[in-house]
Amino acid sequence: MRLIRVFFEKRDRAKYISHLDLTRCMTRAFARTDIPAWFTEGFNPHVYMTFALPIPLGFEGLRESFDFKLSEDGYPLERVRDQLNAALPPDIRVLEAAAAVRKPEAITWADYRITLWDPAGGEALAADWDRLLAKPAIPVEKKTKHKIQEMDLRPLVTQLGRRVEAESLTLDLRLPGGGAMNLNPNLLLGALWADRGREAEYVQVVRTAILTGDLAPFA
Amino acid sequence: MIPANIDRQLLKVQKPARYCGGEMGSVQKDREKTDLRFAFCFPDLYEVGMSHLGMKILYSLINAQEGMWCERVFAPDTDFETILRREKIPLYGLESFDPIRDFDVVGFTLQYEMCYTTVLNMLDLAGIPVRAADRGEEWPLIIGGGPCACNPEPMADFFDLFQLGEGEELMLDFLALVRQAKREGLSRRELLRRAAQIPGIYVPSLYDVAYREDGTVAAVTPREGAPAKVQKRIVKDISAMYFPENFVVPFTEAVHDRAMVEVLRGCIRGCRFCQAGYIYRPFREKDPEVLDGQARTLCTATGYEEVSLTSLSTSDHSRLEPLMEEMLPWTQQRKVNIALPSLRVDNFSPRLLELVQKVRRSGLTFAPEAGSQRLRDAINKNVTEEEVLATARTAFEGGCTSMKLYFMMGLPTETMEDMDAMLDLAQKVVDLFDSLPNRPKGRGVQVTISVACFVPKPHTPFQFEPQDTLEQFREKQKHLLETVRSKKIRVNYHDAATSRVEAILARGDRRLAPVVEAVWRAGGNLEGWDEHFSPQRWEDALSAAGLSGDFYACRRRDYGEVLPWDHLDYGLTKAFLIREDKKAWESVTTENCREKCAGCGANHLLGGACFEAHSGVL
């Protein structure tokens with residue numbers, strides 16, 4: 001039995017699939033292949049599969065991952081990739097299947113490219129964004145299952161890049177990701193909307209990388 | 001790629017996956033290499049339409065043709081509709097995102113009457129004029145099919161043509177003509193004239209309907225060489241018939257999200273209220289070897305964890321047992337569940353029962369339809385109380401603690417005693433449970449009786465019968481609720497107002513077209529969903545048109561009356577339907593088709609007897 005990590009991208013039409021639907025889609029993809037995947041042994045046996053950092057509906061992901069177990073140790077990993085690609089819809093592509101190196105708990109950061117469009121134009125958007133980022137604190141209320149929690153987003157945001165175009169603003173951000181601390185970019189965008197008084201007309205979010213504490217790509 | 005103007009909107013709506021396609025099994029083609037674009041429209045939400053086998057068959061069939069591209073279109077939910085209208089995004093095909101108004105053919109499947117206003121709304125969202133008379137050469141052909149095509153008269157003004165019966169062969173004949181018409185530059189008028197010559201195609205604009213003073217039909221007269229009667233199409237050998245090797249597998253869950261194979265067509269039972277039992281005749285079975293192969297192929301291609309053996313009455317397949325024997329080993333090995341909807345309990349061999357119990361895990365449901373044996377005889381529903389109780393006993397002893405019984409109210413010949421008999425039957429099931437020494441411990445039994453309102457349908461023996469008035473229905477519902485004595489019996493019933501509109505449309509004529517249009521213009525859409533249905537809109541539109549709902553719903557038809565659908569031939573003779581209706585009033589049953597041919601006429605569609613054993617008799 002080998003623990004295998006499958007890296008994939010989820011783009012275009014596939015970004016509107018929820019996490020639950022993505023799981024079901026992967027389960028059915030396995031059923032369309034002859035990959036010797038290990039099944040759970042409960043009342044309702046299914047392919048064992050865990051997603052390290054589920055991606056929210058509406059986001060594209062350039063290097064997402066999930067783990068499964070190969071019950072035949074010698075089964076070639078290129079074949080896992082090719083078989084899954086043949087069994088998946090065109091907008092979900094497997095990039096690589098490899099032996100899992102780090103534990104999912106090692107995930108600490110996630111990088112996002114966020115593009116905002118607004119009739120007000122890129123310059124105005126950039127001014128609004130810069131004003132938010134210049135604040136000493138960005139307090140928000142985060143709803144968890146049991147309570148509403150006050151938190152300050154400002155120390156959690158690292159800006160890696162910022163590009164202004166006529167109608168849009170593109171931000172490259174590094175945010176905490178993983179089980180210990182996770183910041184959904186939508187929470188940050190919500191703070192931006194609150195601060196500037198309205199939403200941007202159109203937002204695209206792409207998760208470009210998932211990183212461990214030492215800033216290495218999660219592998 | 002999702003076009004930016006659509007992509008910008010999708011995060012603002014519930015379940016955006018319904019509106020962007022891209023599922024496994026969806027078909028992409030090169031626009032440059034297609035000369036015929038077909039929009040297959042299902043006038044309901046994605047999750048309903050994606051459960052429908054007929055759409056899957058025709059989608060794959062058309063896409064299997066070189067140069068033809070069939071796309072799927074579903075009704076948007078109200079949140080997305082608001083956005084489509086505000087942003088002026090015309091209704092598009094899920095595969096290409098191209099506006100369907102630019103397609104060659106826009107086809108609607110008409111599964112139930114309550115979708116009629118949704119059809120108009122979808123045409124309007126596409127930017128297509130709803131009335132056929134308002135559409136010039138530049139517009140796509142608007143065609144319809146499905147069960148409601150057996151009396152499409154209330155929709156006749158909106159469609160260019162209807163396909164009657166089964167589409168596997170008819171659709172290709174029709175599309176060949178469309179292609180020829182494009183090549184030769186035929187006018188729409190000429191194309192329709194030629195289409196009317198294809199068996200199974202009904203072009204309503206080639207028929208004049210005259211009415212009598214009392215509102216009944218005087219005559220339906222064909223013009224321009226159209227046939228006096230249009231006979232529905234069937235496929236004689238369903239084992240050799242086209243069947244898809246793959247389905248579109250939705251990301252977001254559909255109502256029925258599983259592989260399906262169709263084990264048989266038609267029904268041998270002849271329940272007198274059941275339209276499906278008549279309009280899909282004659283009875284034909286698919287060979288078990290073919291079914292097993294199709295099920296394997298589909299499960300391999302889709303990865304589905306369940307395959308359903310569908311039909312009107314799956315246990316009436318004469319070789320279900322060998323089929324199950326064949327399927328069990330590989331389905332168990334591949335962890336695929338076999339679903340068996342539509343089983344009758346009266347025709348099981350012990351071995352088949354054993355096989356079925358291996359795969360069955362759903363709840364226990366039964367459809368006696370009527371409470372008393374007398375009324376069950378009148379409607380020809382040949383289920384006895386003993387059978388219901390015997391099955392309940394087996395189920396209870398096996399650990400089951402609930403049972404669902406389906407009934408109808410307002411059936412022809414029904415009395416209040418028949419209504420009381422529903423509760424008596426439910427009580428007997430409760431008493432049976434309580435009397436069993438080995439019943440499941442710790443929990444009481446729950447019997448749910450679900451009571452629908454009877455809707456008389458065309459091409460059935462009850463097409464002549466009146467529907468109960470709303471007052472009668474409500475009085476019966478009230479009586480039912482007042483007479484429930486036990487907390488172990490739960491009563492569900494549907495609102496009678498929907499059933500009344502169904503009855504009006506099901507047996508309606510062309511004078512209802514302005515009514516359907518007025519209801520849609522007043523906001524009618526997705527009316528199969530209770531939250532979108534308003535009976536008042538229908539009553540208002542009927543009065544505005546000077547028509548009476550009672551005339552269509554609650555009037556007994558004379559056997560001699562020209563019915564609005566008499567020129568549409570579903571293989572059944574009117575004499576047979578009259579004979580069956582008369583037998584209902586005498587509470588006399590009719591044998592099932594396998595026991596004895598009742599002479600309905602549908603065997604003529606086959607050109608011989610339906611069952612080999614009868615071939616010498618006819």
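Here is the naming used below: chain letters follow the sequence lines, and residue numbers restart at 1 for every chain.
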Using heavy-atom distances under 4.5 Å, tell me whether [X] contacts chain B through its side chain, its backbone, both, or neither.
{"X": "A/L88", "value": "backbone"}
{"X": "A/E201", "value": "both"}
{"X": "A/A87", "value": "backbone"}
{"X": "A/A86", "value": "backbone"}
{"X": "A/D12", "value": "both"}

Top contributor to chain B interface from [options] [non-hydrogen pairs under 4.5 Å]:
{"options": "A/A31, A/P89, A/P90", "value": "A/P89"}
{"options": "A/Q204, A/H46, A/K15, A/R11", "value": "A/K15"}
{"options": "A/I92, A/L22, A/I17", "value": "A/I17"}

Legend entry - Option that, when pairs with chain A are counted at under 4.5 Å, heavy atom only, ranks first among B/G25, B/P250, B/A17: B/A17
Inset, instruction - Step through it carefully: locate the ring centre of B/F97, locate the ring centre of B/Y92, and say whether they are under 6.0 Å apart. - result: yes
Legend entry - is_close_aromatic(B/Y19, B/F74), centroid dist under 6.0 Å: no
Legend entry - Geometric cation-pi criterion, B/R37 with B/F103: 6.0 Å, 45°: yes
Where does [X] contact chain A at under 4.5 Å (heavy atoms): side chain, backbone, both or neither?
{"X": "B/L94", "value": "backbone"}
{"X": "B/K12", "value": "side chain"}
{"X": "B/T300", "value": "backbone"}
{"X": "B/V336", "value": "neither"}
{"X": "B/Q9", "value": "neither"}

Inset, instruction - Considering non-hydrogen atoms only, spot the tightest contact between A/F66 and A/M49 and give its length. - result: CD1-CG, 3.4 Å
Legend entry - Heavy-atom side-chain contact between A/Q149 and A/E141 under 4.5 Å: no
[X] (side chain) donor-acceptor with [Y] (main chain) under 3.5 angstrom:
{"X": "A/S168", "Y": "A/V164", "answer": "no"}
{"X": "A/R154", "Y": "A/L133", "answer": "yes"}
{"X": "B/K335", "Y": "A/F39", "answer": "no"}

Legend entry - CA sep, side-chain torsions, deciding dist, call: A/R28, B/E305, salt bridge (Lys or Arg N to Asp or Glu O under 4.0 Å): CA-CA 8 Å; A/R28 286 174 178 164; B/E305 46 292 294; 2.9 Å; yes
